[in-house]
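The structure that follows is given in the form of structure tokens.
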Number of protein chains: 2
Amino acid sequence: MKTLRHNAIRELVSLGQVANQDELRRKLRRRGFAVTQATLSRDIHELRLVKGPGGYTFSNGAGQAVEDNSPPSLDDMIEGFALRVRRAMNQVVIATVAGGAQPLASALDHAGWSDIVGTLAGDDTILVICSDHRRAGDVESRLKAMLES
Amino acid sequence: MKTLRHNAIRELVSLGQVANQDELRRKLRRRGFAVTQATLSRDIHELRLVKGPGGYTFSNGAGQAVEDNSPPSLDDMIEGFALRVRRAMNQVVIATVAGGAQPLASALDHAGWSDIVGTLAGDDTILVICSDHRRAGDVESRLKAMLES
DNA sequence: AGCATAGGCGCATAAGTATGCAACGCCGAA
DNA sequence: TTCGGCGTTGCATACTTATGCGCCTATGCT
């Protein structure tokens, strides 16, 4: 359950204003996650969110995080950047945290998935073009699985 | 005096680890600024510092810059940026003034239209992905209506 | 000078966040 | 099955940060 909750948190944070942990708790409860503030405090720590003027945001690495000396895996990237995966026809759309689209798309390209024809990345959205509906469905499920790991 | 203290705070923060306001207070005192935690709380607010894992840092510009106190409505944005709306299959393409694509796309994302799967913005063009033909048609008409209001 | 107003500050305390501890559930080994 | 370890959570509470209020000083106006 924890991973799903983390995704929900990331989505809520990226989406709008989350002023404090208690507000986050109420919003999560409306989505079916009933946890206490204590748990959210731990979640926020794990997700490395920071609270600035105007609520929580993603700590955009700047606050010298420990350096990875190993290139992050695709799973890690998805875990770190992706927020939501949706499909439309032969296309899959990935919503990411701001600025996360480019690196994640690049990682996808290099992953060599044969059913991906190409990717196109904006700032916080990736468009994945697949050869047909079915393959798009496959890709969607695989991505969702990774997101919910 | 306040300005000098602010500079000292900025230096301490950029320099190293400032774990919390009380530590900051002690370090400032060594430099000749004797103030209470309450004052530092206000200073930090004014300097827009954020506390992340590992102490205070400068507000992470990337994490969506501080909000305008009156976020323009979606109508306003369309009114201000959009030039033309056209549809192709499950996609809607919006032409905007140069540089207008990114902000307008962002506004669309945050509008929470359920039939929009995602948006992808270049400099003066937005690609809106809808779940299917019909919904793309809906979105197209709604956008056109707003554009012609 | 006499008075009004504004900003900075400390104090006390409210508001918000982190954490030690114990309880619970879920494996995997014996 | 029974046991032990591990991970997750809630509870209670410690710790940290924000803020209402009042005092003080500086500044400006009459």
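Quick note on labels: first sequence line is chain A, next is B, and so on, each numbered from 1. The shown structure was predicted, so the numbers you read here are calculated from the model rather than taken from an experiment.
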### Message
What range of DNA chain D does chain B touch, first nucleotide to last, counting atoms under 4.0 Å from its heavy atoms?
### Response
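First and last nucleotides in contact are D/dT16 to D/dG20.
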#### Entry: Neighbours of DNA chain D within residues 36-43 of chain A, by heavy-atom distance under 4.0 Å
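The stretch gives A/Thr36, A/Ala38, A/Thr39, A/Arg42 as the residues lying under 4.0 Å from the strand, ordered by number.
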### Query
How long is the line joining CG of A/Asn20 and P of C/dA15, in whole Å?
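In whole Å, C/dA15 P and A/Asn20 CG are 12 Å from each other.
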### Task
Could you state the atom-to-atom distance from CG of B/Leu4 to P of C/dG8 in whole Å?
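Going from CG in B/Leu4 over to P in C/dG8 covers 14 Å.
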### Message
I'd like to know if the side chain of A/Thr125 reaches the main chain of A/Gly122, judged simply by a donor and an acceptor atom lying under 3.5 Å from each other, with no hydrogens or angles considered.
### Response
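Side chain of A/Thr125 to backbone of A/Gly122: no pair is present.
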### Query
What's the CD-P distance between B/Gln21 and C/dC9, to the nearest Å?
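From B/Gln21 CD to C/dC9 P: 14 Å.
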### Message
I'd like to check the side-chain contact (heavy atoms from CB on, under 4.5 Å) partners of B/Ala145; sequence neighbours left out, ordered by chain and number.
### Response
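So B/Ala145 forms no side-chain contact (heavy atoms from CB on, under 4.5 Å) with any residue.
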### Task
To the nearest Å, give me how far apart CZ (A/Arg48) and P (C/dT17) are.
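Computing the A/Arg48:CZ to C/dT17:P distance gives 18 Å.
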### Task
Scan for salt bridge (Lys or Arg N to Asp or Glu O under 4.0 Å) pairs involving residues 98-107 of chain A, sequence neighbours excluded, and state none if there are none.
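Matches after skipping sequence neighbours: none remain.
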### Query
Which residues satisfy the side-chain contact (heavy atoms from CB on, under 4.5 Å) test with B/Glu23, sequence neighbours excluded?
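Counting only residues at least two positions away or on another chain, B/Glu23 forms a side-chain contact (heavy atoms from CB on, under 4.5 Å) with B/Ala19, B/Asn20, B/Arg26, B/Lys27.
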### Query
Got a sec, which pairs hit salt bridge (Lys or Arg N to Asp or Glu O under 4.0 Å) with one end in residues 81-94 of chain B, sequence neighbours left out?
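The answer is B/Arg87-B/Glu140.
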### Task
State whether the side chain of B/Thr96 and the backbone N or O of B/Ala101 hold a donor-acceptor pair below 3.5 Å, judged by distance alone.
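Side chain of B/Thr96 to backbone of B/Ala101: a pair is present.
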### Message
Suppose we screen for side-chain contact (heavy atoms from CB on, under 4.5 Å). Which residues come up paired with A/Gln102, at least two apart in sequence or across chains?
### Response
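Listed in chain order: A/Ala121.
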#### Entry: Spacing of B/Ile9 atom CD1 relative to C/dG8 atom P, expressed in whole Å
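Going from CD1 in B/Ile9 over to P in C/dG8 covers 13 Å.
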### Message
Once you apply a heavy-atom cut-off of 4.0 Å, does A/Arg25 come out as touching a base, just sugar-phosphate, or nothing?
### Response
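No contact at all - A/Arg25 keeps every heavy atom at 4.0 Å or more from the nucleic acid.
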### Query
Tell me: NZ of B/Lys51 to P of C/dT17, nearest whole Å?
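Atom-to-atom, B/Lys51 to C/dT17, this comes out as 11 Å.
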### Task
Return the value, rounded to whole Å, for the distance between atom NE2 of B/His45 and atom C1' of C/dC9.
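After rounding, the reported distance stands at 17 Å.
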### Query
Hey, is the side chain of A/Tyr56 poking within less than 4.0 Å of OP1 or OP2 on C/dG16, counting only N and O atoms?
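Answer is no, no contact under 4.0 Å.
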### Message
According to salt bridge (Lys or Arg N to Asp or Glu O under 4.0 Å), does anything in residues 98-125 of chain A pair up with another residue at least two apart or in another chain? List the pairs.
### Response
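Sorted result for residues 98-125 of chain A: A/Asp115-A/Arg142.
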### Query
Which whole-number value in Å describes the distance from B/Glu46 CD to C/dG8 C1'?
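Spelled out: CD on B/Glu46 to C1' on C/dG8 is 10 Å.
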What protein N or O atoms touch nucleotides 24-28 of chain C N or O atoms at under 3.5 angstrom, if any, and at what distances?
none

Compile the donor-acceptor pairs under 3.5 Å between side chains in residues 129-139 of chain A and protein atoms, sequence neighbours left out, one pair per line.
residue: A/Asp132; atom: OD1; partner: A/Arg134; partner atom: N; Å: 3.1
residue: A/Asp132; atom: OD1; partner: A/Arg135; partner atom: N; Å: 2.8

Atom pairs and distances, side-chain donor-acceptor, residues 30-38 of chain A, under 3.5 Å, sequence neighbours left out:
residue: A/Gln37; atom: NE2; partner: A/Gln21; partner atom: OE1; Å: 2.9

### Task
Please identify each residue that fulfils side-chain contact (heavy atoms from CB on, under 4.5 Å) with A/Ala111, with sequence neighbours left out.
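side-chain contact (heavy atoms from CB on, under 4.5 Å) list for A/Ala111, sorted by chain: A/Leu74, A/Trp113.
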